[in-house]
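Along the sequence shown, the residues carry numbers beginning at 1.
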Amino acid sequence: MKRSEDIDRTFEPEIRNVDLTGQGQEVPTGRQHNTELSVVTWIFVLLFMLLIGRVAYILVAESDRLKSNINNTKADSNSENVIRGDIITSEGTLLATTLLDEYGNQTRSYPFDNVFSHVVGYATNGKSGLEAEENYELLSSHSSLLKQIQAGEKGEKIQGDRIVVTLNAKLQQAAYYALGSYRGAVVVMEPDSGRILAMVSKPDFNPNTIGSEWETLSADTSQSPLLNRATQGLYPPGSTFKMVTTLAYLRDHPADYQQFSWNCQGALSQDDVTITCYNNEMHGQEDLAAAFASSCNTAFAQIGLETDNGDLRKTAEDFLFNKSLPTSMPSSQSVFKLKKDSSAAEQMTTAIGQGETLVSPLHMALITSTIANGGVMMRPYYVDRIETSDGTVVRKQDPEIYRKVMTPEEASVLTEYMTGTVTRGTAAALSGNGYTVAGKTGSAEYETGGTTGTHSWFCGFAETGEPHIAIAVIAEDGGTGSSTAVPIAKQVLDTFFYG
């Protein structure tokens, strides 16, 4: 008699692959088939989850960018049911509104005419500035459901949400009138938040009449009044770039930068290129602080020769040269071309902010703010919050750190040198006004089509102990920084501190 375990083994089926094709190919058994099916199923589940994740990312993380994209036509279709919202300052000053006549026809109105033209923009013949960036929000309404139903029953349009901007009307007007008839730009920021307080570009235009003047404005290539020079203009930085050169030198000589010594004789020649100080002035014996304060070109040309090219390039790119700026406004990328094998002449000209280096006024304001903020670069922004037409907050913008560019110690040294520029150097006109300023002037020489000239720069912040405001000014063909840009900056700073 067989034991029970032998009987069980007798009736246990043999599992093997069976040739059912007649071609010597084995057909998988049920167990193998199930394994393969499970693998395929999990692959499809994984792909589906990736697809769902991508859709969720677009809907959540990218929604604001996609909604505000100027190519998004869905927003404009809302104009059939929504009255374009207002643009106002935090103090309640109206910058843009929509007027309705007795027949319901809409006209976009700008109470300050040209003053905010580039930063607020226009909404006729296309869109620009904040009118373009916040187009979706201005044509959306988060008013109560009851209000929307009531408007629908009456066949009326609902009022769109309003944009509350970071711009300060007093500072904007001060910057606008201080720049006067000069072509150029003024950018004012809060260093510790990134809030843009003022942004002026000239030549400008009147957004109230842009429809009738469009052909003339768009055809004017000599003045380019529609170009926002604050964000899109590129200029040689001149001596304002010495802030970057100085930082690179500090990093190359951390232990002995204070021992830097130079006897300025007014000129320095190398490789058939001669660098001169302004008006061939001879500054005599200088340390690094004195050379910075007097903006001594020969001293900084020598510093350029003593600083590793790669290190200067890295420092410039830490400050976002050759990179996109973190701003929602259309902006130009600043240019820095010095290479490791560049010549001595290129080293000298680059170190003093000439050569092929180009920068925008917004970028210079960002660099200055970073120094004022202890080396931390904040992301610049223009919109404080989105509200319904009756003041209910829809969304609030909080300050955001973009990157840490330098150490607090490095920022402190630069602040000390920039303070010397004001107390005993080229920006002395900003001293003794009841507030303390740290800054750097610049006289940027250029040549275009055989024409030469000098742009006037100033970049600075106040107060030095607790910075509240940073400013960058450029006046095209304004001459030296001290003669034109510094007085412009003073008018803006006086308005900020004294109203």
Side-chain angles (χ1 to χ4, degrees), residues 168 170-172 174-175 177-179 184-200 237-244 246-247 288-296 353 361-376 378 406 408 410-443 456-475 478 480-499:
N168 180 289
K170 285 186 178 180
L171 285 181
Q172 181 79 11
Y177 293 114
L179 189 56
V186 180
V187 180
V188 184
M189 293 179 62
E190 270 186 1
D192 62 349
S193 69
R195 291 164 56 93
I196 299 295
L197 302 179
M199 178 176 284
V200 171
S239 291
T240 60
F241 189 77
K242 291 172 184 174
M243 296 186 290
V244 179
T246 301
L247 178 59
L288 186 55
F292 191 99
S294 62
S295 200
C296 179
L362 173 61
H363 194 176
M364 288 310 305
L366 197 57
I367 291 171
T368 307
S369 289
T370 301
I371 298 170
N373 198 38
V376 178
M378 304 299 291
M406 68 184 97
E410 290 170 335
S412 178
V413 173
L414 288 177
T415 298
E416 177 187 340
Y417 290 171
M418 292 168 69
T419 302
T421 300
V422 174
T423 57
R424 63 181 186 278
T426 55
L430 293 172
S431 182
N433 296 305
Y435 49 83
T436 56
V437 184
K440 185 72 193 78
T441 57
S443 305
S456 178
W457 275 102
F458 176 78
C459 300
F461 58 88
E463 296 200 82
T464 55
E466 187 179 356
H468 303 296
I469 181 175
I471 185 171
V473 177
I474 184 168
T480 65
S482 56
S483 63
T484 303
V486 166
I488 292 172
K490 183 180 182 301
Q491 291 185 54
V492 177
L493 294 172
D494 284 349
T495 300
F496 179 84
F497 286 103
Y498 303 122

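- Within the structure, every pair that satisfies the salt bridge (Lys or Arg N to Asp or Glu O under 4.0 Å) test and touches residues 484-499, not counting sequence neighbours, is listed here: Lys490-Asp494.
- Here the side chains of Gln172 and Val188 are not in contact, with every heavy-atom distance at 4.5 Å or above.
- Remark: Met189 CE to Thr368 OG1 distance equals 9.5 Å, nearest 0.5 Å.
- Annotation: side-chain contact (heavy atoms from CB on, under 4.5 Å) contacts of Ser456 (sequence neighbours excluded): Ala475, Thr484, Ala485.
- A donor-acceptor pair is defined here as one N or O able to donate and one able to accept, closer than 3.5 Å; no such pair exists between the side chain of Glu190 and the backbone of Ile196.
- A donor-acceptor distance shorter than 3.5 angstrom exists from the side chain of Asn168 to the backbone of Lys170, with no hydrogens or angles considered.
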After noting the C-alpha distance and the side-chain angles of Phe497 and Asn433, does the key distance pass the side-chain contact (heavy atoms from CB on, under 4.5 Å) rule?
CA-CA 10 Å; Phe497 286 103; Asn433 296 305; over 6 Å; no

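- A distance of 11.0 Å separates SG of Cys459 from CG of Leu366, quoted to the nearest 0.5 Å.
- A pairwise comparison of heavy atoms in Ala429 and Val486 identifies CB-CG1, 3.9 Å as the closest pair.
- Within the 4.5 Å cutoff, side-chain heavy atoms of Leu414 are placed close to those of Met406.
- Partners of Ser295 according to the side-chain contact (heavy atoms from CB on, under 4.5 Å) rule, which considers only residues two or more places apart in sequence or in another chain, are Ser239, Lys242, Thr426, Lys440.
- In this structure, Thr419 contributes its side chain and Ala438 its backbone to no donor-acceptor pair below 3.5 Å.
- The shortest side-chain heavy-atom distance between Thr480 and Thr441 does not fall under the 4.5 Å cut-off.
- Residues in residues 410-435 take part in these salt bridge (Lys or Arg N to Asp or Glu O under 4.0 Å) pairs, two or more places apart or across chains: Arg251-Glu410.
- The side-chain contact (heavy atoms from CB on, under 4.5 Å) check on Val376 picks up Asn373, Met378, Ile401, Lys404, with sequence neighbours excluded.
- Atom CG of residue Leu493 and atom CG of residue Leu171 lie 9.0 Å apart, to the nearest 0.5 angstrom.
- The shortest heavy-atom contact between Ser369 and Pro191 is O-CB, 3.7 Å.
- Contact annotation: the side chain of Phe292 approaches that of Met243 to within less than 4.5 Å [non-hydrogen atoms, C-beta and beyond].
- Residues Tyr177 and Thr495 form no side-chain contact, since every pair of their non-hydrogen atoms from C-beta on lies 4.5 Å or further apart.
- Shown here for Ala427 and Phe458, the closest heavy-atom pair between the two residues is CB-CE1, 3.9 Å.
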Just list the side-chain donor-acceptor pairs under 3.5 Å for residues 461-472, sequence neighbours left out, or say none.
unit_1	atom_1	unit_2	atom_2	d
Glu463	OE1	Thr436	N	3.0
Glu463	OE1	Thr436	OG1	3.4
Thr464	OG1	Thr436	OG1	3.0
His468	NE2	Glu466	O	3.2

